[in-house]
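Data first, discussion second: the structure below is written as structure tokens.
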Amino acid sequence: MKNIYKKTKLAKAAAAALSIIVMGECFCGCGKKKESTGSSAPASDEGQATSLSLDTGRDLKIQTLKNHMSDAERASVTEGPLRLLDKPWEKGTTAGEYGDGVYVELWTREDFLRDMEEHPEVYSYMTPEELEEYKANCVSSIRGFTVDGRNYGCMIIPGCVDVYGFYYTYKDGQFEPSEIRDMEDLKRILPDLMKEYQKEEYKYAYISDAFDPEQMEKDVIRVFEAVEAKQYQKLPLNTTSECFERLLEKQRGLDYSWELDEDAVAAIRDQVTEYHLHDDELDRDFVVHVAVPKGYEEAAKKTAGEDAGTDGGSAFPAFVLTDAVWRFNDIAKLLSEMEAGRAKPQILISIGHDYSISNSDNMERAAVFCEGKDKFLDFITDNLMPYLGEKYAIDYGNSTLFGHSLGGVFSHYALFNSDRYENQPFGCYIIGSPAFWSPYSREMSDYPEQAKDYGYFERNQTMGKSAFITAGSDEDEDYQEYFQDGDSTTESIAHLAERINAHCDPGSPAAQSKLYKSHHYQYIPEMLVEYADGTR
């Protein structure tokens, strides 16, 4: 929808602000590469989880990995307590960072002109004539404001150019600005305006991130008073746009929440450390949780550096779970298995996207597991695991990487490209219900190489890792329309195990496959416990 241009001071400010208010299949559950100096080290029998008390860890010099993080990536890391119980995704927008007080997003004329130069696609709906008029008329204006973390668009805005303020209403198929003369005028207008904004015509106008007419009326008065008194703080440019995009994603049904058993998580919160890391290659922020079994610090004694473990400390395998949005919920159960002595003590690591991203959205998952799989493997192999190895006593040779569905496609890629790296953070891989057949996987340019296991056995005579390959016995019926002429999920895991074991001593297979009585994802909690307990 086009902006309306009127040669008045009001319209100049209104036209600059209005650009913010109009909106332009589920596979559920579903590196910096360094050439290897040799074939991947085989996983020992200790990689198979067995019952082991915490004080019987092996005394050894802990293997170290070379950290390839850039200075900027290191500087991006934050470490702190577990935040999941605070449900940070419910803050909903970047405005949630500005919890107390009044903040306004103030754009100067120079900001507008720079934005037009840097993002011409945003203004492509304008004719050349309209664009020139926009440039001539744009003036400093407020494009949105936040009150105690609640973000609002510019349907009602304080003025910056000799106009007290203005508001928009929908008339004759377009938004029309009207002037607000003073505070009394604003208070008179607001009740009827709040009723107006509840009409269907305003569905895609950015009025607020959680429209509550009574609260909005109070907040609007408060922001006008703050601007008049010049007692406000500034929001970063584009904060309101980001909030609006997030709102539209919610309207499309994207879920930002994480699967959470609050009581179980509360019981282990003191055992979990939360890390936030940025990866330059993917240009993404990740949330990583590290959970340690009770007594870990005493058993490890030294947890970092080249001398770690040499004074009698113990190293622990890491169990790394992708898709933390679902898998963190399993951490509490795995810790309880260790505490009961049924599972070998392990460091549990879950990898998720930043809370501002819908972690369960398959477009986001495919961007990492499929389109960016090489960069994601770089991140894990050359950034994350070496960094955590500086802080925890990790037995890399017996550590496990787990992925399911699209994550299973990724763990398959990670296994069969592991030999390309100098760093070897895993000796074991779990490939759960790999969705090789998914459209996200099929559209990759290297899809034909997937069926050839990325040429691993052209480069290596044997498999130097162990693989546990799983699926639900009943899941094929749910996705058969996608299989085309290829293998179903259950067929693919059987054939994958056969390909691996064809290169191994028949008496010592490197791969095991197992079907659970389940559909696509329901078996995962049971499988993870069995794997940790060594009863699979």
Main-chain N/O of Thr489 paired with Tyr479 side-chain donor or acceptor, under 3.5 Å: no
Residue pairs passing the ring pair (Phe, Tyr, Trp, His ring centres under 6.0 Å) test where at least one lies in residues 267-291, sequence neighbours excluded: Trp258-His289, His276-Tyr355, Phe286-His353, Phe286-Phe376, Phe286-Phe379, His289-Phe328
Exercise: identify the closest heavy-atom pair between Ser441 and Ala435: CB-O, 3.8 Å
Distance-only donor-acceptor check, side chains Glu475 and Tyr523, under 3.5 Å: no
For Glu262, all residues meeting salt bridge (Lys or Arg N to Asp or Glu O under 4.0 Å), sequence neighbours excluded: Lys87
Thr322 side chain near Val368 side chain, heavy-atom distance below 4.5 Å: no
Cationic N near anionic O, under 4.0 Å, Lys517 to Glu526: no
Euclidean distance, Cys370 SG relative to Asn362 CG, rounded to 0.5 Å: 9.0 Å
Donor-acceptor contact present, side-chain Lys333 to main-chain Val529, <3.5 Å: no
Verdict with reasoning, Tyr296 to Met338, per side chain to side chain contact (heavy atoms under 4.5 Å, CB included): CA-CA 11 Å; Tyr296 161 80; Met338 297 177 205; over 6 Å; no
Side chain to side chain contact (heavy atoms under 4.5 Å, CB included) between His68 and Glu73, worked out: CA-CA 10 Å; His68 293 275; Glu73 287 170 331; over 6 Å; no
Minimum heavy-atom distance Ser433-His520, with the two atoms named: OG-O, 3.4 Å
Donor-acceptor contact below 3.5 Å, side chain Gln271 vs main chain Val292: yes
Aromatic plane relationship, Phe416 with Phe457 - under 30° parallel, 30 to 60° tilted, over 60° perpendicular: perpendicular
Residue pairs passing the salt bridge (Lys or Arg N to Asp or Glu O under 4.0 Å) test where at least one lies in residues 479-500, sequence neighbours excluded: Asp453-Arg499
Centroid-centroid under 6.0 Å between Tyr454 and His412 rings: yes
Check: Lys391 and Val290 side chains under 4.5 Å, non-hydrogen atoms: no
Donor-acceptor contact below 3.5 Å, side chain Ser399 vs main chain Pro317: no
Ionic contact status for Lys373 with Asp446, cut-off 4.0 Å: yes
Glu281 side, atom CD; Asp374 side, atom CG - distance, nearest 0.5 Å: 7.5 Å
Exam field: side chain Glu274 to backbone Val287, donor-acceptor pair closer than 3.5 Å: no
Inter-residue atom distance Ser411.OG - Phe468.CZ, 0.5 Å rounding: 12.5 Å
Closest heavy-atom pair and its distance - Leu406, Ser438: CD2-OG, 3.4 Å
Non-hydrogen side-chain atoms of Gln346 and Leu334 separated by less than 4.5 Å: no
Check: Asn151 main-chain N/O paired with Asp209 side-chain donor or acceptor under 3.5 Å: yes
Inter-residue atom distance Phe369.CZ - Met444.CE, 0.5 Å rounding: 13.5 Å
Close side-chain approach of Met69 and Val77, heavy atoms under 4.5 Å: yes
Salt bridge present between Asp71 and Arg74 (N-O < 4.0 angstrom): no
Distance-only donor-acceptor check, side chains Asp476 and Thr490, under 3.5 Å: yes
Non-hydrogen side-chain atoms of Leu82 and Val265 separated by less than 4.5 Å: yes
Beyond-backbone contact of Leu321 with Ile331, side-chain heavy atoms, under 4.5 angstrom: yes
Side-chain donor/acceptor of Asp330 to backbone N/O of Pro525, under 3.5 Å: no
Value rounded to 0.5 Å, distance of OH in Tyr456 from NE2 in His503: 10.5 Å
Whether Tyr531 and Phe319 hold their rings parallel, tilted or perpendicular, with breakpoints at 30° and 60°: tilted
Stepwise side chain to side chain contact (heavy atoms under 4.5 Å, CB included) check, Gln450 with Val409: CA-CA 9 Å; Gln450 188 180 79; Val409 173; 3.5 Å; yes
Under 3.5 Å: donor-acceptor pair, side chain of Asp354, backbone of Ser356: yes
Close side-chain approach of Cys504 and Pro509, heavy atoms under 4.5 Å: no
Polar side-chain atom of Glu79 near backbone of Thr273 as donor-acceptor pair, under 3.5 Å: no
Asp100 backbone acceptor or donor facing Asp148 side chain under 3.5 Å: no
Side-chain touch Arg150/Ser208, heavy atoms, less than 4.5 angstrom: no
Side chain to side chain contact (heavy atoms under 4.5 Å, CB included) between Asn383 and Leu277, intermediate numbers included: CA-CA 10 Å; Asn383 290 15; Leu277 306 91; over 6 Å; no
Rounded distance (nearest 0.5 Å) linking atom OG1 of Thr381 with atom OH of Tyr421: 5.0 Å
Lys66 and Asp382 ion-paired at < 4.0 Å: no
Shortest non-hydrogen contact between Pro434 and Thr470, atoms and distance: CD-O, 4.1 Å
